[in-house]
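Presented below is the structure to which this report refers.
Counting from 1, the numbers follow the sequence of the chain as shown.
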Amino acid sequence: MAAEGFRGPKQLWNAFQWSMKGFRAAWRHEASFRLEACLVIVLVPLGLWLGDGGLEKFALILAPLLVLSAELLNSAVEAVVDKVSPEFHELAGRAKDMGSAAVFVLLMVVVLSWTLILGPRLLG
């Protein structure tokens, strides 16, 4: 149920704590999240170092962060699907596959953005 009324510091603090709880759960239970988080830990500093100007830096760090965000959403979809229907169902499988495809698309965005931005410098 949505909160009504003023959302002050206490509600913001609670929201932050729930987010951290979600990160901990993803780290503990999702191997893909751990792998992609390690990718972010490497690529974000590299993007800040290798990017030439604000827009390049932004593009180089945004793409891996979007992968992490999509992985969190994909894991949430998978958890809900498994809770609602533990037995196989075509629609449940389709939902999980689509979540995985979204993560894959964003991984391709990482490869594409890093290649387009840094490729000419490395090859030229």
Sequence neighbours excluded, every pair satisfying ring-ring contact (aromatic ring centres under 6.0 Å, His included) that has a member inside residues 12-38: Trp13-Phe16
To the closest 0.5 Å, what do you measure between CE (Met98) and CG (Leu91)? 9.0 Å
Taking transitive links into account, so neighbours of neighbours count too, which hydrophobic residues share a cluster with Val81 at under 4.5 Å side-chain distance? Val77
Applying side-chain hydrogen bond (donor to acceptor under 3.5 Å, both in side chains), can you list everything that pairs with Arg24, at least two apart in sequence or on another chain? none
Same apolar cluster: Val110 and Leu68, side chain cutoff 4.5 Å: no
Those residues that, when tested against Arg94, pass salt bridge (charged side-chain N to carboxylate O under 4.0 Å, His left out) (two or more places apart): Glu90
Identify, with sequence neighbours excluded, every residue that meets salt bridge (charged side-chain N to carboxylate O under 4.0 Å, His left out) alongside Glu87. none
Would you mind listing every salt bridge (charged side-chain N to carboxylate O under 4.0 Å, His left out) that reaches into residues 55-65, with sequence neighbours excluded? Glu56-Arg121
Can you name the side-chain contact (heavy atoms from CB on, under 4.5 Å) partners of Ser75, sequence neighbours left out? Glu30, Glu71
Under the side-chain hydrogen bond (donor to acceptor under 3.5 Å, both in side chains) test, residues paired with Glu36 that sit two or more places apart: none
Is Leu39 linked to Ile61 within one hydrophobic cluster, defined over Ile, Leu, Val, Met, Phe, Trp and Tyr using a side-chain heavy-atom separation of less than 4.5 Å? no
Sequence neighbours left out, what passes side-chain contact (heavy atoms from CB on, under 4.5 Å) with Leu106? Give chain and number order. Leu66, Val67, Ala70, Val109
CG (Leu48) and CG (Leu43) are apart, to the nearest 0.5 Å, by 11.0 Å
Tell me whether Ile117 is reachable from Met108 by hopping between hydrophobic residues (I, L, V, M, F, W, Y) whose side-chain heavy atoms are closer than 4.5 Å. yes
For residues 98-109, the side chain to side chain donor-acceptor pair (under 3.5 Å) pairs (sequence neighbours left out) are none
Minimal heavy-atom distance between Ser113 and Leu60, with the atoms involved, is O-CD2, 4.2 Å
List for me each residue that meets salt bridge (charged side-chain N to carboxylate O under 4.0 Å, His left out) alongside Asp82, sequence neighbours excluded, and say none if there are none. Lys96
To which residues is Leu112 joined in a hydrophobic cluster, defined by side-chain heavy-atom contacts under 4.5 Å among Ile, Leu, Val, Met, Phe, Trp and Tyr, whether direct or through other members? Leu116
Check: Leu65 and Val40 side chains under 4.5 Å, non-hydrogen atoms: yes
Same cluster for Val42 and Trp49 if Ile/Leu/Val/Met/Phe/Trp/Tyr side chains link at under 4.5 Å? yes
Hydrophobic cluster identity match, Val105 and Leu107, side-chain contacts under 4.5 Å: no
Counting only heavy atoms not in Leu55 (residues, nucleotides, ligands), do more than 12 fall under 6.0 Å from its CG? no
